[in-house]
Amino acid sequence: MKKQQDASDPKNGTEERFSKTGFILAAIGSSVGLGNMWKFPYITGKHGGAAFFLLFIVCLIIVGLPVLLAEMVIGRGGRGNASTSFYNLTGKKVWAAFGLFAVLTAFMIMSYYAVVAGWTLHYTVQSLTGLLFEPGADYKSKFLDFAGSYTPLFWQAVVTVVCGSVLAKGVSGGIEKFNKILIPGFLIILIVLMFRALTLPGASEGVAFFLKPDFSKLDAESALIALGHAFFSLSLGMGCMLTYGSYVDKRQSLGSATLAIGFGDLVYALIAGLVIFPTVFSFGLEPGEGVGLAFMALPAAFSKMYLGSVFGGLFFALLAIAALTSAVSILEVPVAFAMERWGWSRSKSSVYVSAVCFLVGIPSALSVGGVLGGFTPGGKSIFDWVDFVTAYIAMPFGGLVVTLFTGYAWKKAGEEAGLSGFWYKAWMIALRFVAPVLILLIFLYSVGLLKV
Ligand code: PFF
């Protein structure tokens with residue numbers, strides 16, 4: 001039967017669209033990334049376990065979900081890219097300029113995210129072939145030797161080609177299919193690893209570190225960290241959910257989608273913690289966050305485990321999937337922009353944007369101990385600078401634009417979101433007052449202007 005067309009949607013039938021579940025999976029694919037795997041578990045363990053987890057849920061509800069809904073609503077209402085959607089809804093150029101800033105942010109994030117995603121692919125292959133593990137190896141220097149060589153460029157190129165090819169195939173044939181295959185696969189691997197981890201001797205110590213509630217550890221700093229992470233984890237502030245939202249059918253409920261994405265993000269983060277800490281603690285290693293945890297501590301644990309190269313391979317494959325499904329969503333922001341701005345076909349835009357992004361990312365790839373490693377203006381490498389400016393300055397700014405636009409400038413947001421009465425009021429309070437103030441606080445804290 002032919003699907004009913006929505007007459008209120010001017011571009012209906014002529015544009016690319018997600019299916020209902022395809023959209024939810026793609027959005028979960030975007031939100032579940034390295035943040036869930038190597039940052040969330042650690043900050044939870046460090047800041048009071050289950051107590052922090054509850055705080056994180058509160059932040060997700062009062063800031064994360066309202067902004068997520070706002071981004072998707074702007075995309076679907078504006079039916080354009082991360083810049084033109086704002087303009088289509090208000091006819092004001094200044095908003096399009098703010099949106100353009102989000103497109104640039106996404107482009108810059110992708111330039112170094114592809115480098116990290118490349119590391120995960122290298123480690124997957126190294127682990128499965130057994131090359132990663134040597135008795136008594138020092139995994140820290142092993143990682144630094146690798147990151148300082150030219151090999152990461154090869155893997156960065158692989159990531160770029162994979163993401164570019166997925167995007168060239170379009171929204172339903174590319175992005176949706178990619179996530180439909182990888183996200184369930186991701187969950188299966190995660191559950192297998194969780195069982196392995198929880199049955200290791202001494203696993204309970206890791207579970208206790210991760211989840212034992214300690215309300216005495218909650219303070220203003222943990223609140224800001226929880227807020228910042230809620231924001232990053234839901235992929236907000238750089239036009240990503242906005243661009244995905246522009247491919248959503250008018251009949252899909254964005255309110256329910258928001259809840260599903262938030263819930264999915266939480267569940268994946270929770271299971272990731274139940275994989276990581278039992279493994280790390282069982283082998284008497286120090287937990288940490290980021291690069292140190294994934295590429296230095298965990299290989300040491302897998303090297304001592306029975307069938308370690310298989311479990312290690314699965315773990316790095318997990319990281320690779322998390323990174324790739326997020327990377328695709330990030331790259332789609334500039335690809336969609338270039339298609340509309342320059343009238344390019346999807347394939348042309350995917351190839352050109354990916355290629356330029358790869359070139360722009362080369363200095364980041366070579367600055368983690370590589371030939372550019374010694375170049376550290378202001379005490380930070382190029383890689384760290386790109387990360388710092390995008391994640392701590394540009395993303396909060398993008399988030400602020402979204403809240404102010406939906407809360408004050410665009411009057412029909414409630415209609416597009418399908419909200420009225422109590423829920424509309426609550427959403428507006430979040431967007432007009434709560435979220436902007438809290439985003440501003442995270443920003444000031446992140447750049448060191450607010451000490452708590
Ligand atoms: N949400 C991803 C994570 O938690 O790792 C990171 C991310 C993806 C941020 C996509 C922004 C984005 F647009």
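As the structure is a computational prediction, the values presented were derived from the model and not from experiment. As a basis for the values below, the full set of heavy atoms in this structure was taken, side chains included, without hydrogen atoms, waters or symmetry mates. Each ligand, and each atom within it, is numbered from 1 in the order the structure gives.
- By the 4.0 Å heavy-atom criterion, Tyr113 is counted among the residues contacting ligand 1.
- When each atom of ligand 1 is checked for a heavy atom of Gly33 under 4.0 Å away, the hits are 3 (C), 4 (O), 5 (O).
- Below 30°, between 30° and 60°, or above 60°: for Trp38 and Phe295 the angle between ring planes is above 60°, a perpendicular geometry.
- Here Tyr112 and Phe383 bring their ring centres to under 6.0 angstrom of each other.
- Counting atoms of ligand 1 from 1 in the listed order, those under 4.0 Å from a heavy atom of Ser233 are 1 (N), 4 (O).
- Taking the six-membered ring where tryptophan is involved, the planes of Phe52 and Phe40 are tilted, since the angle between them lies from 30° to 60°.
- The side-chain contact (heavy atoms from CB on, under 4.5 Å) test with Phe315 is passed by exactly one of Leu193, Thr120, Thr279: Leu193.
- Residues Val353 and Phe337 have side chains not in contact (no heavy-atom distance under 4.5 Å, counting atoms from C-beta outward).
- Under the 6.0 Å cut-off for aromatic ring centres, Phe86 and Phe405 qualify, their centroids lying closer than that.
- Ring geometry for Trp119 versus Phe143: interplanar angle over 60°, hence perpendicular rather than tilted (30 to 60°).
- Atoms of ligand 1 found under 4.0 Å from any heavy atom of Ser30 (numbered from 1 in listed order, with element): 1 (N), 2 (C), 8 (C), 10 (C).
- Classification of the Phe186-Tyr268 ring pair by plane angle, with boundaries at 30° and 60°, yields tilted.
- Here is the list of ligand 1 atoms found below 4.0 Å of a heavy atom in Gly35: 3 (C), 4 (O), 5 (O).
- Remark: ligand 1 atoms within the under-4.0 Å shell around heavy atoms of Cys240 are 13 (F).
- Each of the following atoms of ligand 1 lies closer than 4.0 Å to a heavy atom of Leu34: 5 (O).
- Atom 4 (O) of ligand 1 has as its closest protein heavy atom Ser31 O, 3.1 Å.
- Among the atoms of Leu234, none of the N or O lies under 3.5 angstrom from an N or O of ligand 1.
- Here the heavy atom of the protein found nearest to atom 10 (C) of ligand 1 is Ser235 OG, 3.2 Å.
- Each of the following atoms of ligand 1 lies closer than 4.0 Å to a heavy atom of Met238: 11 (C), 12 (C), 13 (F).
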